[in-house]
Amino acid sequence: MAEVDAQKCFDVALDLVKQAGKVVREAIKKKKNIETKSSAVDLVTESDKAVEKMLISGLSEAFPDHKFIGEESVSAGEKCVLTDEPTWIIDPIDGTMNFVHSFPYTCISVGLWVKKEALVGVVYNPVLEQMFTAIKGQGAFLNGEKLSVSGEKDLGQALVFSEMGTSRDQEKVNTVLTNITNLMPKVHGFRSMGSAAMHMAYVALSAADAYFGFGAHCWDTAAGFLLVKEAGGIVIDTEGGPFDIMRRRVLCASSQELAEKISKLLKQYQPERDGVSK
Ligand code: IPD
């Protein structure tokens, strides 16, 4: 496998994400063509498809040997397989429900994973002009300013994000509600913004102390994972143990202590893994 130039990959991705951001910024103000996917609340618009096409065509032109996992390509039947090869994992619009409602917490998420490790991560909210970036070993940044997680250890002082998700499977809904019921009295504040990638970026920013969720796909977490790690945070499986990007369970926190406290309180749920062929 040829050596991967992380800086070059980052530069090309950043440029394309900025261009894609213009499309999202314009489209969010307008009426959207909405289709549903796995459930009545799992949405896709023409902008999701256009942005994904734009990113994949630009990246594949610059890096013809690289592989891709894109949310809308997978929905359209492409395989969702993460190998050791350099793989761009793309969510063209994370928080599509927010985008549809013109709620400004929506972003483009692009992660490059090589040998199943995160190398580059970009999460861009073009509406709020927040560009979160990271290259492995070089720190995480918001609009060029270095980020550091809060370091909070005390659950009672923690602002915690979680998510309803797009599945309406009864066991999943019960898990979400049980976790809210159990955690709400114990945390300082409980929030939900409707975008897994934004949640992770905000933990890196130290605007929140933790995020957990069941059901986010690899394209929702691929870039956010690196942002949190590079900002000094923890990203693990909801049950504890290493984060598995295809397992669709994520718990990130500003400290190991906080991650463990939250993990012990969670009712667990296992969504179908990414990459299981239908
Ligand atoms: C969704 C968002 C949401 C998460 C869902 C995702 P999408 O992504 O990240 O926060 O709870 O599991 O599917 O569909 O808007 O790209």
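Being a predicted model, the structure only gives us computed values, none of them experimental.
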If hydrophobic residues (ILVMFWY) are linked whenever their side-chain heavy atoms come closer than 4.5 Å, directly or via other members, who joins [X] in its cluster?
X: M164; value: L155, V160, V176, I180, L183, M184, V187, F190, F212, F214, I234, I236, L251, L258, I262, L265, L266, Y269
X: L159; value: none
X: L177; value: V173
X: L226; value: none

For residues 132-142, please give each side-chain donor-acceptor pair under 3.5 Å, one per line with the distance, not counting sequence neighbours.
residue	atom	partner	partner atom	Å
K136	NZ	E117	OE1	2.6

Between [X] (side chain only) and [Y] (backbone N and O only), is there a donor and an acceptor less than 3.5 Å apart?
X: D94; Y: A196; value: yes
X: R25; Y: P126; value: yes
X: D91; Y: S109; value: no
X: S39; Y: T166; value: yes
X: E85; Y: H66; value: no

Checklist entry - Does D244 pair with R273 as a salt bridge, N-O distance under 4.0 Å? => result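 R273 and D244: salt-bridged.
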Checklist entry - How about Q270 and R248: does a side-chain donor come under 3.5 Å of a side-chain acceptor? => result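 The answer is no; no qualifying pair exists.
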Checklist entry - Side-chain donor-acceptor pair under 3.5 Å between Q130 and Y202, yes or no? => result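 The criterion, which ignores hydrogens and geometry beyond distance, is satisfied for Y202 and Q130.
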My understanding is that only residues two or more places apart in sequence, or in another chain, count here; which of them pass side chain to side chain donor-acceptor pair (under 3.5 Å) with [X]?
X: D209; answer: S150
X: S38; answer: D42
X: K32; answer: S102

Checklist entry - Going hydrophobic residue to hydrophobic residue with side-chain gaps under 4.5 angstrom, can you get from I245 over to V114? => result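 Each belongs to a different hydrophobic cluster.
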Next on the checklist: Please determine whether residues M54 and I93 belong to a single hydrophobic cluster, defined as Ile, Leu, Val, Met, Phe, Trp and Tyr linked transitively by side-chain heavy-atom distances below 4.5 Å.
Outcome noted: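 Same hydrophobic cluster.
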Next on the checklist: Testing the basics here: between N98 and S195, what is the closest heavy-atom pair and its distance to 0.1 Å?
Outcome noted: ND2-N, 4.4 Å
Item to check | Steps toward side-chain hydrogen bond (donor to acceptor under 3.5 Å, both in side chains) verdict (N174, Q170) | outcome: CA-CA 6 Å; N174 291 344; Q170 198 53 52; 3.1 Å; yes
Next on the checklist: Taking side-chain hydrogen bond (donor to acceptor under 3.5 Å, both in side chains) as the cut-off, I'd like each qualifying pair that reaches into residues 258-267, sequence neighbours left out, listed once.
Outcome noted: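 Listed by first then second residue: Q256-E260.
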Item to check | Contact list for residues 47-60, test side-chain hydrogen bond (donor to acceptor under 3.5 Å, both in side chains), sequence neighbours left out | outcome: E35-K49, T45-D48, D48-T96, E52-S73
Item to check | Separation of T221 OG1 from H199 NE2 (nearest 0.5 Å) | outcome: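 The NE2 atom of H199 sits 13.5 Å away from the OG1 atom of T221.
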Checklist entry - Got a sec, which pairs hit ring-ring contact (aromatic ring centres under 6.0 Å, His included) with one end in residues 216-255, sequence neighbours left out? => result W113-F225, H217-W219, F225-F243
Checklist entry - Could you give all pairs that pass the salt bridge (Lys or Arg N to Asp or Glu O under 4.0 Å) test and reach residues 151-166, with sequence neighbours left out? => result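 Every candidate salt bridge (Lys or Arg N to Asp or Glu O under 4.0 Å) pair involving residues 151-166 fails, so no pair, neighbours aside, qualifies.
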